[in-house]
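In what follows, a structure is listed as structure tokens, so that the remarks can point back to it.
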Amino acid sequence: MNFHIPTKVYFEDNVLDKNGHEIVKYGKKALIVTGKKSAEKSGVINDLLPVLEKHTIKYAVYSEIMENPDILIIEKGKEVLLSQNCDFIIAIGGGSPMDAGKAISIMGANNLSLDSLYDPSKHIIAFPIIAIPTTSGTGSEVTQYSVLNNPITNSKAGFGSELMFPKIAFLDAKYTLSLSKTVTRDTAIDALSHLLEGLYSNKYNEYLLPFIYKGIALIYNTLSKSLDDLDDLFYRKSLMLAANYGGIVIAHTSTTLQHSIGYPLTTVYGLSHGLANGVVMKEIMDLYEPHIKDKLHGLFDYLKIDKLDFFSWLDSFEMTFKHKITEEFLQTRIPEVMKSRNMALNPCSISEKEIEDIYRRL
Ligand code: NAP
Ligand code: ZN
């Protein structure tokens, strides 16, 4: 058994105002890595710039990160990082900018080419990373992973390095108040996937159980209420905590088929990451159930519900797949899923046919 999260997490109201001075330890010039709008819409930039100015930390901004970032945008980010002489990274946004910030750090510090980005033997050093999440979903602020899209094969693949754990994560739920209803739902469902996958993964260990049960309970008890009242900060805090727990969990267990099967639904059909997990969630639970019966029933006892209650709760979020799975999709994407790293972590062996059946039933 092991438990190891090297990231220092601050989670409180006005988190940057109270703790932003910690940033001075990590460098003199930051590259702020973010999406087109999230840093401003969330209010992070408003809070962060005075902190940087107060501590005479210079900065450059790289705000080109798209959803499901691709490796070309990382390569461009590396050029900005090096040409601007930045010595650390502040990643602001959802999982996309946070994952991009991590990859830019590794790529820049080791001066990697795109060919060697995924080669762990080339990951020797990294620039320090500070993460400020503006969604409550990926938990990337406390994980060592970066998930990127390859635009040539149109496929997503992640890599992990201990060096990519952020040094500090600043969490303030007010930064999620500007999220739309759809992004709030989808990102919470992603967090739920991570927590469930902690139970499913064959790297599960007992240290994680409190995070898994509590995190799932927070989402189960809060998500509908938060969607009905998007301005409620209390519900936003619950979802942010749950998502952070999910990150802590997958930092230990990684993800499973639940995530691998969803990636092609994002790259081919454009489903958001969370929705791609959501549309297969019941099927995956059914598939794994015989192999993780005790843990799953323990969860439902903790929530004081049964599996059917859980499924009808999931149904209430109306996560539907509105496309048609094509034969070409099945032929090209099932082998991709079978080859993905997460497949080694399933609680049982999974056949191509089982994956095909899930896709066909969507
Ligand atoms: P995201 O792709 O980062 O953001 C989704 C959308 O929400 C974007 O349009 C973004 O705008 C917007 N947005 C973000 N924060 C906002 C705010 N506070 N107010 C208004 N709009 C806001 O979504 P995500 O679900 O958080 O991240 C998904 C990515 O993370 C996927 O690539 C997934 O594979 C990856 N992931 C990583 C891990 C990990 O451990 N590293 C785990 C799970 C998933 P902008 O475009 O302006 O930013
Ligand atoms: Zn995820």
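Start at 1 and go down the list; that is how both ligands and their atoms are numbered.
Among the candidates Asp47, Asp231, Asp232, Asp17, the single residue satisfying the salt bridge (Lys or Arg N to Asp or Glu O under 4.0 Å) test with Lys174 is Asp47.
Residue, atom and distance of the protein heavy atom nearest to atom 18 (N) of ligand 1 are Tyr175 O, 2.9 Å. Protein heavy atom closest to atom 23 (O) of ligand 1, with residue, atom name and distance, is Gly95 N, 4.2 Å. Given atom 16 (C) of ligand 1, the protein heavy atom at minimum distance is Leu179 CD2, 3.3 Å. In this structure, atom 44 (C) of ligand 1 lies nearest to the protein heavy atom His273 NE2, 3.2 Å. In terms of protein heavy-atom proximity, atom 35 (C) of ligand 1 is nearest to Asp99 OD2, 3.5 Å. The single protein non-hydrogen atom nearest to atom 2 (O) of ligand 1 is Ser96 OG, 2.6 Å, given as residue, atom name and distance. The nearest heavy-atom contact from the protein to atom 13 (N) of ligand 1 is Ser38 CB, 3.9 Å. Atom 47 (O) of ligand 1 has Lys37 N, 2.6 Å as its closest protein atom, hydrogens excluded (heavy atom only).
In this structure, Trp313 and Phe317 have perpendicular ring planes: the angle between them is above 60°, well past the 30° mark. Using the six-membered ring where Trp is involved, Phe3 and Tyr207 have ring planes that are tilted, between 30° and 60° apart. By the 30° and 60° cut-offs, the orientation of the rings of Phe310 relative to Tyr220 is parallel.
Ligand 1 has no N or O atom lying under 3.5 Å from any N or O atom of Thr187, backbone or side chain. The N/O atoms of His259, backbone and side chain alike, include none that comes under 3.5 Å of an N/O atom in ligand 1. Checking only distances, Thr143 does come within under 3.5 Å of ligand 1, N or O to N or O. Considering both main-chain and side-chain atoms, Asn68 comes within under 3.5 Å of ligand 1 through a nitrogen or oxygen pair. Residue-to-ligand polar distances place Glu67 within reach of ligand 1: an N/O pair is separated by less than 3.5 Å.
Ion pair Asp315/Lys282 flagged as a salt bridge, since at least one NZ, NE, NH1 or NH2 atom sits closer than 4.0 Å to an Asp/Glu carboxylate oxygen. A salt bridge between Arg333 and Glu336 is present, with a side-chain N of the basic residue lying under 4.0 Å from a carboxylate O of the acidic one. Using a cutoff of 4.0 Å between basic side-chain nitrogens and carboxylate oxygens, Lys237 and Asp13 are scored as salt-bridged.
Vertex the Zn ion (ligand 2), arms ending at NE2 of His273 and OD1 of Asp190: the angle is 90° after rounding to 10 degrees.
Ligand-side atoms of ligand 1 in range of Val147: 34 (O), 37 (C), range being under 4.0 angstrom from any heavy atom. Close approach of ligand 1 to Lys41 (heavy-atom distance below 4.0 Å) involves ligand atoms 20 (C). Within ligand 1, counting atoms from 1 as listed, the ones closer than 4.0 Å to a heavy atom of Tyr145 are 40 (O), 41 (N). Near Gly94, with a cut-off below 4.0 Å to any heavy atom, the atoms of ligand 1 are 3 (O), 26 (O). Near Thr135, the atoms of ligand 1 lying under 4.0 angstrom from a non-hydrogen atom of the residue are 14 (C), 15 (N), 26 (O). Numbered from 1 in the order shown, with element, the atoms of ligand 1 that lie under 4.0 Å from a heavy atom of Asp190 read 43 (C), 44 (C).
With Ser136, Gly35, Ser178 as candidates, the residue nearest to atom 20 (C) of ligand 1 on a non-hydrogen basis is Ser178.
Between Tyr175 and Phe170, the gap from one ring centroid to the other reaches at least 6.0 Å. Not less than 6.0 angstrom separates the ring centroid of His4 from the ring centroid of His252. Between Phe88 and Phe127, the ring center distance fails the sub-6.0 Å criterion.
Using 4.0 Å as the threshold, His194 has a heavy atom nearer than that to some atom of ligand 1. Judged by the shortest distance from any of its heavy atoms, Lys156 lies inside the 4.0 Å radius around the atoms of ligand 1. Ligand 1 lies less than 4.0 angstrom from a heavy atom belonging to Pro97.
Geometrically, Lys29 does not engage Tyr59 in a cation-pi contact defined by less than 6.0 Å to the ring centre and at most 45° from the axis.
Distance check, rounded to the nearest 0.5 Å: CG of Asp294 to CG of Leu299 gives 12.5 Å.
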